[in-house]
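Worksheet: one structure, shown below.
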Amino acid sequence: MSANKGKAFDKSMKLLMVGDSGVGKSCLLLRFVEDKFNPSFITTIGIDFKIKTIDFNNTKIKLQIWDTAGQERFRTITTAYYRGAMGIIIVYDVCDQNSFDRVETWYKTVQQHAKEDAQVIIVGNKCDEEDSRVVSTQQGEQLAQSLGVPFIEASAKTGLNVSDVFYKLSELILEKSGDDFQQPQAEDSVDVSKGASNSQSSSNCC
Ligand code: GTP
């Protein structure tokens, strides 16, 4: 009989989503957790999070995914969350050159504020919008390669590759930590009541 039978999860991970405002962070999270898409733009206020438990090679992993506001005015609040993240998703919009040009800046901010062993993945979102695309897949791949991190193009609208983003990052965290895997510590948490405000969109957990 499995030692973990009846347990809600075996491992727990904290992930963080960053990137410019409007690139589709909240929509990617909504697609992954609730399989829904919201075509209207409701900008995140401060920070929000959702939880989803995934099954990875018979290991139940509880993902606590923090969705940060891309707007500059929330930067002080959002950078406080980098330290607790085991994995970070940097998102840009394939139809928005500026958001792609800023990926390196986001990467530097991650290096400055996150733990040294935090894993990073770069995501080019909105790849359903082929007619409006300004950043090619090759450009995304090259940038990710130069930073030494994996890259995926996805669409929160169609759902293409969305699960892959979260599974890939979880896999990386498991791989890199090996037997040293540590559950998130209490000191990695941020008191939501003190630091963050909720998104205007609904959160399915607290
Ligand atoms: P902030 O909360 O301000 O940081 O923005 P965000 O990155 O969370 O963006 P959000 O998820 O709110 O999406 C911004 C807009 O892009 C919304 O109108 C979404 O409907 C749209 N959008 C998000 N993902 C996609 C996608 O994959 N394809 C298309 N076509 N539109 C998308």
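Since this is a predicted model, take the numbers as computed values, not measurements. Indexing begins at 1, ligand by ligand and atom by atom, following the structure's order.
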Closest protein heavy atom to atom 5 (O) of ligand 1, given as residue, atom name and distance to 0.1 Å: G22 N, 2.9 Å
Check for a donor-acceptor pair, side chain of R75 on one end and backbone N or O of G70 on the other, with a separation under 3.5 Å. yes
Which residue from T44, V162, I47 reaches closest to atom 2 (O) of ligand 1 through any of its heavy atoms? T44
Indicate the ring-plane relationship of W66 and Y81, choosing parallel, tilted or perpendicular according to the 30° and 60° boundaries. tilted
Of all the non-hydrogen atoms in the protein, which one sits nearest to atom 27 (O) of ligand 1, and at what distance? A156 N, 2.8 Å
Can you check whether S26 has an N/O within less than 3.5 Å of an N/O in ligand 1? yes
Protein contact to atom 11 (O) of ligand 1 [nearest heavy atom, distance to 0.1 Å]: C27 N, 2.9 Å
Selected option - heavy-atom contact closest to atom 9 (O) of ligand 1, from A69, S132, G24: G24
Check whether any side-chain N or O of S99 sits under 3.5 Å from a backbone N or O of D20 as a donor-acceptor pair, and report yes or no. no
By number and element, which atoms of ligand 1 are closer than 4.0 Å to a non-hydrogen atom of E129? 30 (N)
Nearest non-hydrogen protein atom, atom 28 (N) of ligand 1: D128 OD1, 2.7 Å
Do the side chain of K25 and the main chain of V91 share a donor and acceptor less than 3.5 angstrom apart? no
Hey, which atoms in ligand 1 end up nearer than 4.0 Å to a heavy atom of N38? 19 (C), 20 (O)
Tell me whether the count of non-hydrogen atoms from other residues, nucleotides or ligands lying under 6.0 Å of CD in Q145 goes above 12. no
E175 atom CD, over 12 foreign heavy atoms within 6.0 Å: yes
Determine whether the side chains of D128 and S155 contain a donor N or O and an acceptor N or O closer than 3.5 Å. yes
Should you measure from each heavy atom of D20, which atoms of ligand 1 turn up under 4.0 Å away? 7 (O)
What is the closest protein heavy atom to atom 18 (O) of ligand 1, and at what distance does it sit? P39 O, 3.0 Å
Give the residue and atom name of whichever protein heavy atom lies nearest to atom 24 (N) of ligand 1, and the separation in Å to one decimal. N125 ND2, 3.1 Å
Under 4.0 Å to a heavy atom of G70 - the qualifying atoms of ligand 1, by number: 1 (P), 4 (O)
heavy-atom search around atom 7 (O) of ligand 1 in the protein gives K25 NZ, 2.8 Å
Could you identify the single nearest non-hydrogen protein atom to atom 22 (N) of ligand 1 and state the distance to 0.1 Å? K126 CE, 3.6 Å
Check the pair V103 / I122 against side-chain contact (heavy atoms from CB on, under 4.5 Å), numbers first and verdict last. CA-CA 8 Å; V103 167; I122 293 177; 3.8 Å; yes
State the atoms of ligand 1, each with its element, that fall below the 4.0 Å cut-off from a heavy-atom position in T43. 1 (P), 2 (O), 3 (O)
